[in-house]
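All chains are named by letter (A, B, ...) in the order of the sequence lines, taking the proteins before the strands, and each is independently numbered beginning at 1.
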Number of protein chains: 2
Amino acid sequence: MARVPKTTPAAQAAALRDAQDRFIAVWGQMAGAWGISRTMSEVHALLYITGGALCTDDIMERLDISRGNASMSLRALLDWGIVERAHKRGDRKEYFRSEQDVWAMFRAIVRERVKREVDPLLASLYEIRDMSVASVENPEGAATVVAPDPEELAAAVANHTQRVDAMLDFFRTLETLGQRFVSPAGRGLQLAATLLSAGSTRDRTGGAP
Amino acid sequence: MARVPKTTPAAQAAALRDAQDRFIAVWGQMAGAWGISRTMSEVHALLYITGGALCTDDIMERLDISRGNASMSLRALLDWGIVERAHKRGDRKEYFRSEQDVWAMFRAIVRERVKREVDPLLASLYEIRDMSVASVENPEGAATVVAPDPEELAAAVANHTQRVDAMLDFFRTLETLGQRFVSPAGRGLQLAATLLSAGSTRDRTGGAP
DNA sequence: ATGTATTTTCAATAATTTCTGAAATCTTTG
DNA sequence: CAAAGATTTCAGAAATTATTGAAAATACAT
């Protein structure tokens, strides 16, 4: 009576699928945090957690979404650079596989968000700083604000500029940090983060030499 | 003819207001990035860029929003800890003032997002990891997945667990980093970030000794 | 206590975002 | 190059999220 397995293969397979589903749901909820749609996040979760190369139909069926939705989500994930195309020979369909290194995924996301959010913000902030300087010849001379007192006004402008500058400095720092993290040498920062974060010596990144 | 000012006070005041409006619009667009609503972000932008203590009516008028919306946005900003109440004596109204230190703002946001997003995610990931282990007595013995082959199955479960663990490790690191950054000693990290980010020696944080 | 000023809440509505499904397009094969 | 297979696009539908406005609650002064 030794060696009677406590789990049948069927039960184990079901448990695995449940765990996958749960992971997909949880990861889907993080969508907001990454600035993407829930479905897109779920597609990514599915590809990540199965680790395999799935085709559009696999994804449609497993997540119960339309073809259009699957197509658009996959395209977006490709744009973000965290999913790549794959092909099976003798098969006409396209397959998709997720990046499997969590740190690489994170780097891709940082890269994209800096590009989409920080860079434009910086550009705008520079413009805004200039606005309060070159205020000559505003065609509308009409009465506008509360304080026409020149002294107060000058102080207000000075403070305004200072605040815009403080923001600028902050986001410049953020951008530079992001670029360092993302750059080829960026894996250094990953190490730094790991070390900074604790005395935990363990290395789970996998066996690459 | 020396000293003829090139800008009238009126024009200057208008320019200031334009710059403020532009700042508010730009900051409003970042709302998505911080995980808050556009209006909430605009209210914060207004309070930050004017630097003053404004009451609900000031905000309603300037941003052209309803009283309810203003109230809810302010409450949320208070919860995030980046806006504080202020009072003017002899006045019954409540006034609000924004945190002015950009780094402190950022710390507050990190603190809140770790609490709201990373911590729950970690909890779920721990649960998910356990799911694939304790797969005994699943009442539904029905046919489920593709591979009933015990060998493949075992490998799939192992890989699954490994991927969940990789995620866990990553977010544990993230959480710890966040806590370090946020902690009282966290200003150290601010300095580190500034130093890491460039050879830029300038210190714009203001004149604190 | 009573009246007044102020803030909060929340159901209804408006705005925005996401998803679908079928037509259009592109790709491969015989 | 025609037919079949696969993918993309996009207008409209559905779902989600944000906003309003007026009633309810709260705080204050007399």
Q: Look at A:S37 and C:dT18 and indicate whether a side-chain polar atom (N or O) is within less than 4.0 Å of OP1 or OP2.
A: no
Q: Is the ring pair B:W27/B:H44 parallel, tilted or perpendicular, if the boundaries are 30 and 60 degrees?
A: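 Answer is tilted, since the angle falls between 30° and 60°.
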Q: Within this structure, what is the NZ-to-C1' distance between B:K93 and C:dT8, rounded to whole angstrom?
A: 17 Å
Q: Could you tell me how far apart B:D91 (CG) and C:dT6 (P) are, to the nearest whole angstrom?
A: 7 Å
Q: Both A:N69 and B:I36 contact DNA chain D. Taking the nearest nucleotide for each, which residue is further toward the 5' end?
A: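 Counting from the 5' end, the first nearest nucleotide belongs to A:N69.
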Q: Taking NZ, NE, NH1 and NH2 as the nitrogens, is one of them in B:E112 or B:K115 under 4.0 Å from a carboxylate oxygen of the other?
A: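 A salt bridge links B:E112 with B:K115.
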Q: Among B:L78, B:L54, B:D58, B:L77, which one satisfies side chain to side chain contact (heavy atoms under 4.5 Å, CB included) with B:F96?
A: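 Answer to the side chain to side chain contact (heavy atoms under 4.5 Å, CB included) test with B:F96 among B:L78, B:L54, B:D58, B:L77: B:L78.
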Q: Is B:R75 near enough to C:dT7 that one of its side-chain N or O atoms lies under 4.0 angstrom from OP1 or OP2?
A: no
Q: Any donor-acceptor pair under 3.5 Å joining the side chain of B:R92 to the base of C:dT6?
A: no
Q: Would you mind telling me which residue lines up with the more 5' stretch of DNA chain C, B:E94 or A:S73, judged by nearest nucleotide?
A: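 The answer here is B:E94.
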Q: Which sits closer to the 5' end of DNA chain D, A:R67 or A:M72, going by the nucleotide each is nearest to?
A: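 Closest to the 5' end, via its nearest nucleotide, is A:R67.
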Q: Quick one: B:R38 CZ to C:dT17 P, roughly how many Å, whole number?
A: 9 Å
Q: Over how many whole Å does the gap from B:I59 atom CD1 to C:dT8 atom C1' extend?
A: 15 Å
Q: Taking the six-membered ring of B:W80, is NZ or CZ of B:R107 closer than 6.0 Å to its centre and within 45° of its axis?
A: no
Q: Could you list where the contact with chain B starts and ends along DNA chain D, reading 5' to 3', using a 4.0 Å heavy-atom cut-off?
A: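 Endpoints of the contacted stretch of DNA chain D: D:dA18 to D:dC28.
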Q: Atom CG of A:L63 to atom P of C:dC19: distance rounded to whole Å?
A: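 Distance, rounded to whole Å: 11 Å.
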Q: Starting from P on C:dG21, measure out to CG on A:D64 and report it in whole angstrom.
A: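 Atom-to-atom, A:D64 to C:dG21, this comes out as 10 Å.
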Q: Carefully, step by step, assess B:Q20 and B:L16 under the rule side-chain contact (heavy atoms from CB on, under 4.5 Å).
A: CA-CA 6 Å; B:Q20 289 178 340; B:L16 176 58; 4.1 Å; yes
Q: Roughly, in whole Å, what's the span from CZ in A:R89 to C1' in C:dT29?
A: 17 Å
Q: Less than 4.0 Å between a side-chain N and a carboxylate O, is that true for A:K93 and A:D57?
A: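 No, no charged N to carboxylate O under 4.0 Å.
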Q: What do the steps show when you test B:V83 against B:Y48 for side-chain contact (heavy atoms from CB on, under 4.5 Å), and what is the final call?
A: CA-CA 9 Å; B:V83 161; B:Y48 173 77; over 6 Å; no
